[in-house]
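Beneath this line is the structure, given in structure tokens, with notes to follow.
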Amino acid sequence: MLTAPKSSVAKKETGVVKRKAILLDVDYRIKDEKTVVRLLMKGKRLFRLYDYYEPYFYVDAPKSAEKEIMAVKAIGRDRQVSPTRCERVKMNVLGVEKEIWKVFCERPYDVPHVSAAIAAMKHPCYENNIPFGRRYLIDRDLTPFMKIIYEREGKFIKRIIAKKDAAVQLRTMAYDIETYNPKGMPRPDKDEIIMISYEFGGKRFVLTSKKIDRDFVVYCKDEREMIKKFLEAIKENDVEVLLGYNDTVFDLPYLKARADVNGIDFSIGRDGSSFRVRRQGIRDVAEITGRIHIDLYPLVRFMGFIGAFKISKYTLENAYEELTGKKKLMVVKLEIWKMWDDPKLAPLLADYSRFDSVATMEIGNVLLPSQIEMSRVTRLPLFDTANATAGQLVESLLMHKSAQYKTIIPNKPDDAMAQERELGPIKGAFVKLPQPGIYENMVVFDFRGLYPSIITAHNIDPFTLNPPASVPDSDCYISPNGHRFKKTPRGLIPTVLEEILQVRGALKTQLKKIEKDTPEYEMLFARQQSLKILANSYYGYLAYPRSRWYSRDCGESVTAWGRHFIQDTIDKGEKTGFNVLYGDTDSIFLLMGKKSKDDAMQFMKKINAELPGDMELELEGFYPRGVFVTKKNAEGAGAKKKYALIGEDGRIKIRGFELVRRDWSAVAKNTQRGVLEAILKHGSKEMAVKVVKDMIVRLKEGKVPLEELTIYTQMKKDPRKYDIKSPEVSAAQKGIAAGMQIEKGSMIGYVITKTGKTISEKAYVVEMAKDYDPNYYIDNQILPSVLKILKELGYSEDDLKFKGEQKGLEQFF
DNA sequence: TAATTCGCTAGACCGA
DNA sequence: TCGGTCTAGCGAA
């Protein structure tokens, strides 16, 4: 099955040895005009295994087209290229079983050129843009982090005997650099690196060219020696995973530039090579040969983006605090170069430097277990997983499964097609309008994994959709909007989803047997969390315009069924005698009234008895008290996606309120929290009012530190490309004028000061702010965030009209 | 050229 | 000076 090179085939049979090792990564090289795949394996140490493998793609063309195909000549990367050979294969092509051509090329990068030439002859081409390393893993059915038992001959794989799940411990190093920066931004051609810190195997070091009295400091005579020692540490420790924080953009290029200045090779790769920066989607990734380089900064941002966790700002210190729950090391707020130049402060700088790599390592400890699990599940190597988009994660597993079923992987849509798909958005979920008020005794149910379970329960897939009229309705699931999905055979997407849900189910069972707050529990929890994220992404992928498996009808059907089930459950709740207060997508909030918990559970049971497939309504919890507020500018109507509940255990669950938003100041958020706690925990409106009053007094006295007044907003666009000069844009522009580095994606922290007329004029980035405008914070931050809640405590509309007038305020309190 | 849609809110902007 | 509309960001699910 595996092609060995001619030379090794000729060797004696005794040259074949049985071995086992764990697969970490894959790439390829061209050797003697042939493509050879290189597998990065972990045995006692890391090593490479080789395998010759031919690149190919598919052409949907009749048998008679063979000569035409073989005659194709295209201009490749550096020479004229043609197919090397082709063969007839049987495949399922977009739902139809047929014979098509499998066309081989010499090198992977010939494939796009040859296939483009064939596509120009009006023969559809498929699987012509799959990265070759992944092509190999798909065809060999290999999974990263699996232990592979194989026979080898020299450096080449002869035969794979078995594959097993394996625990893996990776040799991980985290690092960080400090640079001398008297001019603000350090200049790589002039400003030296003054410290390199790293952590490996529980030990922490700071390499530096100053003699500093700290036991973790390693003195180097100059920058050159510092860089050399760092590279040696990587090499000697045989580092497998290198962690940095924003190091693709800063540390790595800086180290390389300084290595150049010092006349040394920046040989960070296992083979002595430097790193390579590659554009992936909208961000750059840095690859290091033979090691897995992970920049945690884009990963943290990605996890925040998809909702795995919430982080207010993405600095290393903040990510560390919010992900680990630990406190950051406080340092004297002084520029790094000043600390370096001051003999008294240099040791503190060393502490600070050391902390940065410790923080990086700890963030890695939090994120890596779920990344490794994600890699196993999606079959994308760890490096690719850590840099993948949600679409790529979903797609990867589908591509593997598709190949196993001898089914062509659908092509990505071209731009025109993607744009067309973007035109009419798919109707989404149902949200019930709540009646504002303070309520007692509620029960909340939600559908466990609503969209995934709808997909598996109704076999929703682009290729089970709309079977021919000869398939009777009784053999189909028919969505509320009339689309038919045949019941058998199972579609690819439902099959894959089921597998994910099954693995997650097993993990959750395992979790129940493990003590909470142990490292093992945390790790397994992270794993099941990543599976949940993955499962929940499948619906989004179906509706994603650039998806290979896009289907408007499928997407519409998922949400239509979603609306159907939630509304049906609401109706049944009402009929059973519950007052249904609220519901959003997959959840319903019932007022218990005179009903018992037992009645509630009976209701849930009854609903579950009628649900298809793996769909299930779960108890989310009982809540003794909850607050729903009115919507602004909508007389008396309730606000959706905004509520606060207190559980039986006293824990408060808050959704949508300003207090959970990062674009509100801490003073407003803390005040709102105080008010909600007063109501929910203590049922005391006096206490609620006091919280507000106290904060207003503090603000007026001018005693509130700027930290509590800072409003954070992300610049989602290039700072110059805004139509409107909003406060954050205005603050950013002033920052840029003062020499700050602010670009697309930057988080702007600004304060409303006393200088200027409009709010935007008054907005200054926190670093530049000297004072604050108490009236703004009282009228535009504190009051709007608490008035709607106080109103539910019985303060009439008229009482609240004083807004902005200090006289009225005094009256109120 | 980051999976989806639904929903709230602020502050700028614009014309009466 | 006002009220309506639009841009923009963020959160819920």
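Quick caveat, the model's predicted, so the values are computed rather than measured. Note: hydrogens, waters and symmetry copies are ignored here, and every other heavy atom, side chains too, is used.
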Looking at [X], does any N or O in its side chain come under 4.0 Å of the phosphate oxygens OP1/OP2 on [N]?
| X | N | answer |
| --- | --- | --- |
| Tyr544(A) | dA2(B) | yes |
| Ser726(A) | dG11(B) | no |
| Lys788(A) | dT9(B) | yes |
| Lys716(A) | dC10(C) | yes |
| Lys641(A) | dG7(B) | no |
| Lys631(A) | dC8(B) | yes |
| Arg655(A) | dA13(C) | yes |
| Tyr643(A) | dC8(B) | no |
| Lys632(A) | dA10(B) | yes |
| Thr389(A) | dA3(B) | yes |

Base, sugar-phosphate or nothing for [X]? Non-hydrogen atoms, less than 4.0 Å.
| X | result |
| --- | --- |
| Pro298(A) | nothing |
| Thr559(A) | nothing |
| Ile306(A) | base |

Verify the distance criterion only: is there a donor paired with an acceptor across the side chains of Asp553(A) and Ser551(A) at less than 3.5 Å?
-> no
Counting heavy atoms from C-beta on, name the nucleotide in dA10(B), dT5(B), dA3(B) closest to the side chain of Ala390(A).
-> dA3(B)
Just compare dT5(B), dC13(B), dA2(B) and give me whichever is closest to any side-chain atom of Lys725(A).
->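 Per side-chain heavy atoms of Lys725(A), the pick is dC13(B).
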Exceeds 12 heavy-atom contacts within 6.0 angstrom, atom CZ of Arg279(A) | yes
Do Asp446(A) and Ile588(A) come close enough that some side-chain heavy atom pair is under 4.5 Å?
-> no
Over 60° means perpendicular and under 30° means parallel, so classify the ring planes of Phe628(A) and Tyr439(A), tilted if in between.
->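 Ring orientation of Tyr439(A) relative to Phe628(A): perpendicular.
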Measure the acute angle between the ring planes of Trp561(A) and Phe485(A), then classify it against the limits of 30° and 60° as parallel, tilted or perpendicular.
-> tilted
Which residue, Arg546(A) or Gly424(A), contacts DNA chain B at a nucleotide closer to its 5' end, judged by nearest heavy atom?
->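 Going by which nucleotide is closer to the 5' end, it is Arg546(A).
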Terminal helix-axis angle for the helix from dT4(B)-dA13(C) to dA16(B)-dT1(C), with five pairs defining each axis and rounding to 10 degrees |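 The angle separating the two end axes equals 10°.
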Going by modelled atom types, is there a donor-acceptor pair between the base of dC10(C) and the side chain of Arg662(A) at under 3.5 Å?
-> no
Record whether the side chain of Arg283(A) comes under 3.5 Å of the base of dA2(B) through a donor-acceptor pair of N or O atoms.
-> yes
Short heteroatom pairs, N/O only, protein and nucleotides 2-7 of chain C, under 3.5 Å:
none

Rounding to the closest angstrom, what is the interatomic distance between dA12(C) and dA3(B) at atom C1'?
->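 So the two C1' atoms sit 15 Å from each other.
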